[in-house]
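Reviewing the structure listed below.
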2 protein chains.
Amino acid sequence: MFEFLHQKVNETINITDEEFEYAKTLFIPKKLRKKRFLLEEGEPCIYTTFVEKGLLRSFTIDEKGNEHILQFGMEGWWVADLYSFLTGEPSEYNIEALEDCELLLITKSSWDLLLDEVPAFERYFRILIQNNLIATQRRLMGTISTTAEERYTKLLHDFPRISQRVPQHMIASYIGVTRETLSRLRSQMTSG
Amino acid sequence: MFEFLHQKVNETINITDEEFEYAKTLFIPKKLRKKRFLLEEGEPCIYTTFVEKGLLRSFTIDEKGNEHILQFGMEGWWVADLYSFLTGEPSEYNIEALEDCELLLITKSSWDLLLDEVPAFERYFRILIQNNLIATQRRLMGTISTTAEERYTKLLHDFPRISQRVPQHMIASYIGVTRETLSRLRSQMTSG
DNA sequence: TAAAAAACGTGACATAGATCACATCCATTT
DNA sequence: AAATGGATGTGATCTATGTCACGTTTTTTA
């Protein structure tokens with residue numbers, strides 16, 4: 001059950017088997033079925049979650065009822081509302097399973113304990129967050145400076161299998177356009 | 001010279017005086033005059049920089065010659081092209097002083113040493129990057145889901161003094177519109 | 001302090017993308 | 001297998017923002 005997490009951690013930092021054995025005691029395994037929510041807007045995000053299997057999305061819903069996707073959480077990734085997790089404030093995000101999922105949850109207090117007891121995990125999360133920051137900065141700059149078509153093409157390039165796994169209207173909301181616009185974009189691209 | 005950095009670090013983590021004394025030996029003080037560049041696109045970002053005094057911006061220039069600002073670096077903040085700093089790859093960003101600056105630079109090898117020797121600094125940078133990620137995610141979601149006017153109002157709210165310190169066309173490029181659009185927005189806002 | 005450069009405002013027009021409306025098409029549930 | 005709801009495509013229009021052009025004001029620099 002922990003092989004995949006162990007592998008991901010080992011790819012990033014040096015960690016002893018005892019340290020990882022200790023870490024294992026702090027995680028809570030959970031299965032979550034498609035369409036079920038791991039987190040709903042307004043409630044505090046009490047877990048940070050490692051995705052062993054499946055696919056989730058974190059997203060907001062604005063006043064008009066439009067959804068805006070912050071991220072997809074695929075196998076090997078982590079999902080949470082980081083701000084809510086750290087502060088205990090109500091979450092701004094929803095997190096929903098887009099496929100049946102197998103997850104490893106860790107609470108804030110266990111996470112704090114883990115970082116205190118095993119400095120290697122402090123580094124692991126620093127690197128994880130660092131890579132996430134770099135990716136988020138790139139996406140931000142792309143959103144500011146490129147067209148919807150370029151952002152769509154880049155998404156397909158970065159995650160080739162995504163369009164088989166999630167409906168088009170979610171891809172549209174990830175790149176920041178309406179489903180209608182993405183639909184027209186796609187027909188232009190195949191015809192042209 | 002290091003009082004401000006010491007203060008910022010102390011606000012975030014617990015650190016002994018000896019640990020901070022060691023850290024001090026790894027930084028390179030530098031003054032940078034207004035309009036001078038700390039980093040130019042294409043060259044590797046060999047330093048991460050703490051801003052003691054002054055103001056900088058990191059930005060890209062696209063094929064059309066338009067500038068897009070990733071961030072302003074004010075007193076107490078850090079600036080770098082994180083990806084380039086970590087990998088040694090050529091930078092995608094320019095970093096320019098918008099005011100006369102006093103900076104503390106640290107190279108990648110010194111930074112690695114610091115994180116190895118003083119685990120408290122690993123935590124300091126983890127928290128720093130974490131807060132930056134949260135802010136960047138918020139800005140991304142705002143860019144996807146709100147109007148230019150809302151983004152402008154939010155920027156003024158978050159950084160009330162920014163509009164006295166940087167020209168309007170840079171504020172425009174930060175919120176992702178042209179200078180003409182921001183100019184019109186501003187006249188609407190004061191009239192309405 | 002004169003000259004040059006950068007910043008800013010504003011009009012006319014172009015365009016990407018949003019909105020609204022409706023018609024399939026496909027999948028999940030019973 | 002029927003039925004319901006979600007997902008997609010597409011037309012007609014609307015709107016925010018971009019683009020281009022030119023003039024004025026302010027700030028730097030020589």
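In what follows, chains are A, B, ... by sequence order, proteins preceding strands, each numbered from 1.
One interatomic measurement links the two molecules: CZ of Arg165(B) to P of dA7(C), which rounds to 17 Å at whole-angstrom precision. Rounded to an integer number of Å, the gap from CD of Glu99(A) to C1' of dA27(C) is 16 Å. dG17(C) atom C1' lies 17 Å from atom OH of Tyr152(A), rounded to whole Å. Rounded to an integer number of Å, the gap from CG of Leu185(A) to C1' of dT8(D) is 15 Å. The interatomic distance linking Glu150(B) (CD) with dA16(D) (C1') rounds to 13 Å, in whole Å. Atom CZ of Arg36(A) is separated from atom P of dT28(C) by 15 Å (rounded to the nearest Å). One interatomic measurement links the two molecules: CD1 of Ile171(A) to P of dA7(D), which rounds to 12 Å at whole-angstrom precision. Rounded to whole Å, the distance from CD1 on Ile144(B) to C1' on dG17(C) is 14 Å.
Put simply, His169(B) has no side-chain N or O that comes within less than 4.0 Å of OP1 or OP2 on dA6(C). Distances shorter than 4.0 Å separate none of the side-chain N or O atoms of Ser183(A) from OP1 or OP2 on dT8(D). Considering only side-chain N and O atoms, Thr181(A) lies under 4.0 angstrom from the phosphate OP1 or OP2 of dA18(C). In terms of phosphate contacts, Lys64(B) brings no side-chain nitrogen or oxygen within less than 4.0 Å of OP1 or OP2 of dG18(D).
Within 4.0 Å (heavy atoms only), Lys35(A) reaches no atom of the nucleic acid at all.
Between Phe2(A) and Phe20(A), the ring planes lie perpendicular to each other; the angle is over 60°, past the 30° to 60° tilted range. Using bins of under 30°, 30° to 60° and over 60° for the plane-to-plane angle, the ring pair Tyr174(B)/Phe72(B) lands in the parallel bin. Between Tyr124(B) and Phe121(B), the ring-plane angle classifies as perpendicular under the 30° and 60° cut-offs. Note on ring orientation: taking the six-membered ring where Trp is involved, the planes of Phe85(A) and Trp111(A) are perpendicular (angle over 60°, cut-offs 30° and 60°).
Closest to the Glu180(A) side chain, of the nucleotides dA7(D), dT10(D), dT17(D), is dT10(D). Which of dT17(D), dT19(C), dT8(D) sits closest to the side chain of Ala148(B) comes down to dT17(D).
A residue-by-residue look at Val177(A) and Val166(B) shows that Val166(B) has its nearest nucleotide of DNA chain C further toward the 5' end. Map Thr146(B) and Lys34(B) each onto its nearest nucleotide of DNA chain D; the residue landing nearer the 5' end is Thr146(B). Comparing Gln168(B) and Arg184(B) along DNA chain C, the residue whose closest nucleotide (by nearest heavy atom) sits nearer the 5' end is Gln168(B).
No donor-acceptor contact under 3.5 angstrom links the side chains of Ser183(A) and Glu180(A), judged on distance only. The closest side-chain donor-acceptor pair between Arg126(A) and Gln130(A) falls under 3.5 angstrom.
Put simply, the side chain of Arg179(B) and the base of dG18(D) share no donor and acceptor less than 3.5 Å apart. Not a single donor-acceptor pair, N or O on each side, falls under 3.5 Å between the base of dT17(D) and the side chain of Arg151(B). In the interface, the side chain of Arg186(A) is not paired with the base of dG9(D) through any donor and acceptor atom under 3.5 Å apart.
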